[in-house]
Amino acid sequence: MTLDQRLVAGLIRLFPGRFRARFGEEMLAVYLDRRDALGGSRGALVRHALATLGDLLVSLPPVYLAERRARGRPGHRHRESHPMQSLVLDLRHTVRALRQQPGFAVVAILTLALGIGANTSVFSVLDRVILAPLPYDDPAQLVRLYSAQREDPGARQYLTAPDFLDVRDGTDAFAALGTLYTYRESGADLTPADGPPRRIRLLQVSAGYFPTLRATPLLGRTFAPDEERAGVTRVVLSYGLWRNLTGGDPAVVGRTISLDGQAYEVIGVMRPGFQDVAGEDVAAWVPANLARGGDNTRQNHYLSAIARLRPGMSLAQAQAEVDAVMARLAREFPGPNEDRTMRVVPLLDDTVGDSRGAVYVLMGAASLVLLIACLNVANLFLARSLGQARVLAIRAA
């Protein structure tokens, strides 16, 4: 029995015996049927479990009140009715009682709304940040590469272009590897042919960036390995910039646009559903310069790298292959590489970062608020039932 099933079954056991005997199995079966219908979406399953637990907590006081009233009616043990008819009758009495005391109803509803609203908001953050998978095919295969010093292997530093190229060429652990400039976009001035210049966001990426994410263009192509050098003026447009700049003209491939006063040839347009690793507001991509020499030295750490593990390749196996390459580089280049290593980190863990613990703490606090709200409503119902004890005694008499 799963944890959510045990929680729901435990709450059902808190209901009165007669009510539980009639509806307990049916309530649990309905919950399990709806849970199975949701499929494997972890976020939807958690939402369904929280909603069910909240409904059960809210239903406890009215059911106990109805059971108490039923015990005061003569001959109630001998009258038989359909289970759903009894439930509808109890709910009808509860709604009628709430209508007779609108102040009580407003306080109870607002108290529950506060707890449920806080939980819904925080769970939306939890679902988006932690529970929801990355928006790429087989996200568990995606990793990020970091440079670190051997005495501080937990550090997360940028890579050098020569180290990246040596790891890309010297390992078989990855199906694809790509770089992006310091994991963030930069700005450029776009000058349309029929309008004033405007600022857009560019990202420098290597040829393996889009294949690593398994992102294919809507039009044209992405960058080729021989374009990873200085002086290549080619650009891939985002779907939004393509629509805004050309109105969705499919003949845009092969044309040129002006970026920072220089003509760039448009070679492709990405699909509208593509989400960039560095952010959702990247307007265009240009090829990164990974050519050895020049500014690309083993002392110039400025690159971020992502990679996709080969099918069947574990994180530990990939790390072992990368360690072997870095050990060889330490022997060949003792100056810049003798104390350096490279880490392989799951991309989801890197994206979540240190926020995982904070989000879980926030979710726990919101759940505590919901629990307190439910207890307050239960106390309101209890106080209300105690206040009506005299009326119930007169009716019973």
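Within the 4.5 Å cutoff, the side chain of R308 has heavy atoms near those of the R214 side chain. When side chains are defined from C-beta on, R298 does not count as touching R340, because their heavy atoms never get closer than 4.5 Å. Taking 4.5 Å as the limit, every side-chain heavy atom of N289 sits out of range of all side-chain heavy atoms of Q204. R198 places a side-chain heavy atom less than 4.5 Å from the side chain of N244. Looking only at side-chain heavy atoms (C-beta outward), I12 and Y31 stay at 4.5 Å or farther from each other. For the pair F23/F15, no side-chain contact is recorded, criterion being any heavy-atom separation below 4.5 Å from C-beta on. Within the 4.5 Å cutoff, no side-chain heavy atoms of V269 are placed close to those of P217. Annotation: side chain of Y264 is not in contact with side chain of T256 (no heavy-atom distance under 4.5 Å).
Between the side chains of N300 and T297, not a single donor N or O lies within less than 3.5 Å of an accepting N or O. A side-chain donor-acceptor contact under 3.5 Å links N296 and Y302.
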Taking it one step at a time, do V286 and Y181 satisfy side-chain contact (heavy atoms from CB on, under 4.5 Å)? CA-CA 10 Å; V286 293; Y181 179 72; over 6 Å; no
As a quick check of understanding, evaluate side-chain contact (heavy atoms from CB on, under 4.5 Å) for V167 and M326, giving each step before the final call. CA-CA 8 Å; V167 169; M326 295 304 294; 4.3 Å; yes
If you apply the rule salt bridge (charged side-chain N to carboxylate O under 4.0 Å, His left out), what do you find for E321 with R310, and how did you get there? CA-CA 13 Å; E321 291 196 19; R310 291 189 183 277; over 6 Å; no
Could you check L259 against T233 for side-chain contact (heavy atoms from CB on, under 4.5 Å), going step by step and ending with a plain yes or no? CA-CA 9 Å; L259 297 175; T233 54; over 6 Å; no
Step by step, would you call L329 with D163 a side-chain contact (heavy atoms from CB on, under 4.5 Å)? CA-CA 8 Å; L329 294 179; D163 288 349; 3.8 Å; yes
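Expressed to the nearest 0.5 Å, how far CG of N379 lies from CG of L375 amounts to 6.5 Å. Taking OH from Y239 and CG from L219, the interatomic distance works out to 9.5 Å, rounded to the nearest 0.5 Å. Note that the CG atom of L165 and the CG atom of L177 stand 10.0 Å from one another [nearest 0.5 Å]. Rounding to the nearest 0.5 angstrom, the gap separating the CG atom in L114 from the CD1 atom in I109 is 14.0 Å. Within the model, atoms CD of Q317 and OG1 of T171 stand 12.5 Å from one another, a figure rounded to the nearest 0.5 Å. With values rounded to the nearest 0.5 angstrom, I257 atom CD1 is found 6.5 Å from L241 atom CG.
Using a 30° and 60° split on the angle between ring planes, Y209 and F274 fall in the perpendicular class, above 60°. Between F223 and F210, the ring planes are tilted. Angles from 30° to 60° get that label.
Between the side chain of R234 and the main chain of G268, no donor-acceptor pair closer than 3.5 Å is present. Between the side chain of R343 and the backbone N or O of G154 there is at least one donor-acceptor pair closer than 3.5 Å. Under a 3.5 Å cut-off, the side chain of Q319 and the backbone N or O of M342 do form a donor-acceptor pair. Remark: the backbone N or O of A207 is paired with a side-chain donor or acceptor of E228 at under 3.5 angstrom. A donor-acceptor pair under 3.5 Å links the side-chain atoms of D260 to the main chain of D189, judged by distance alone.
When the side chains of ILVMFWY residues are joined at heavy-atom separations under 4.5 Å, either directly or via intervening members, L290 and V232 end up in two distinct hydrophobic clusters. Cluster membership for V377 and V106, using ILVMFWY side-chain heavy atoms within less than 4.5 angstrom, is not shared. Clustering ILVMFWY residues whenever any of their side-chain heavy atoms sit less than 4.5 angstrom apart, transitively, puts L145 in the very cluster that holds M313. Residues L14 and L28 are members of one and the same hydrophobic cluster, defined by side-chain heavy-atom contacts under 4.5 angstrom among Ile, Leu, Val, Met, Phe, Trp and Tyr. Cluster membership for L7 and M27, using ILVMFWY side-chain heavy atoms within less than 4.5 angstrom, is shared.
When the shell of 6.0 Å around CG of D295 is examined, it contains 12 or fewer heavy atoms from other residues, nucleotides or ligands. Counting non-hydrogen atoms of neighbouring residues, nucleotides and ligands closer than 6.0 angstrom, the CD atom of E265 exceeds 12 such neighbours.
The minimum heavy-atom distance between A148 and A155, with the atom names listed, is CB-O, 3.5 Å. When every heavy atom of A305 is checked against every heavy atom of L159, the shortest pair comes out as CB-CD1, 3.4 Å. The nearest pair of heavy atoms linking I200 to A283 is CB-CB, 4.0 Å. Taking each heavy atom of P192 and L190 in turn, the nearest pair found is CD-O, 3.3 Å. Considering every non-hydrogen atom in both A318 and L309, the closest pair reads CB-CD2, 3.6 Å. Annotation for T216 and M270: closest pair O-CE, 3.8 Å, computed over non-hydrogen atoms.
For R229, there are no salt bridge (charged side-chain N to carboxylate O under 4.0 Å, His left out) partners, not counting sequence neighbours.
The pair R255-D249 meets the salt-bridge criterion, since a charged nitrogen lies less than 4.0 angstrom from a carboxylate oxygen.
Annotation for V345: hydrophobic cluster partners, listed by chain and number, are Y146 (ILVMFWY side-chain heavy atoms under 4.5 Å, direct or chained).
Partner W242 forms a side chain to side chain contact (heavy atoms under 4.5 Å, CB included) with one of V253, V252, V266, V236 and no other, that one being V252.
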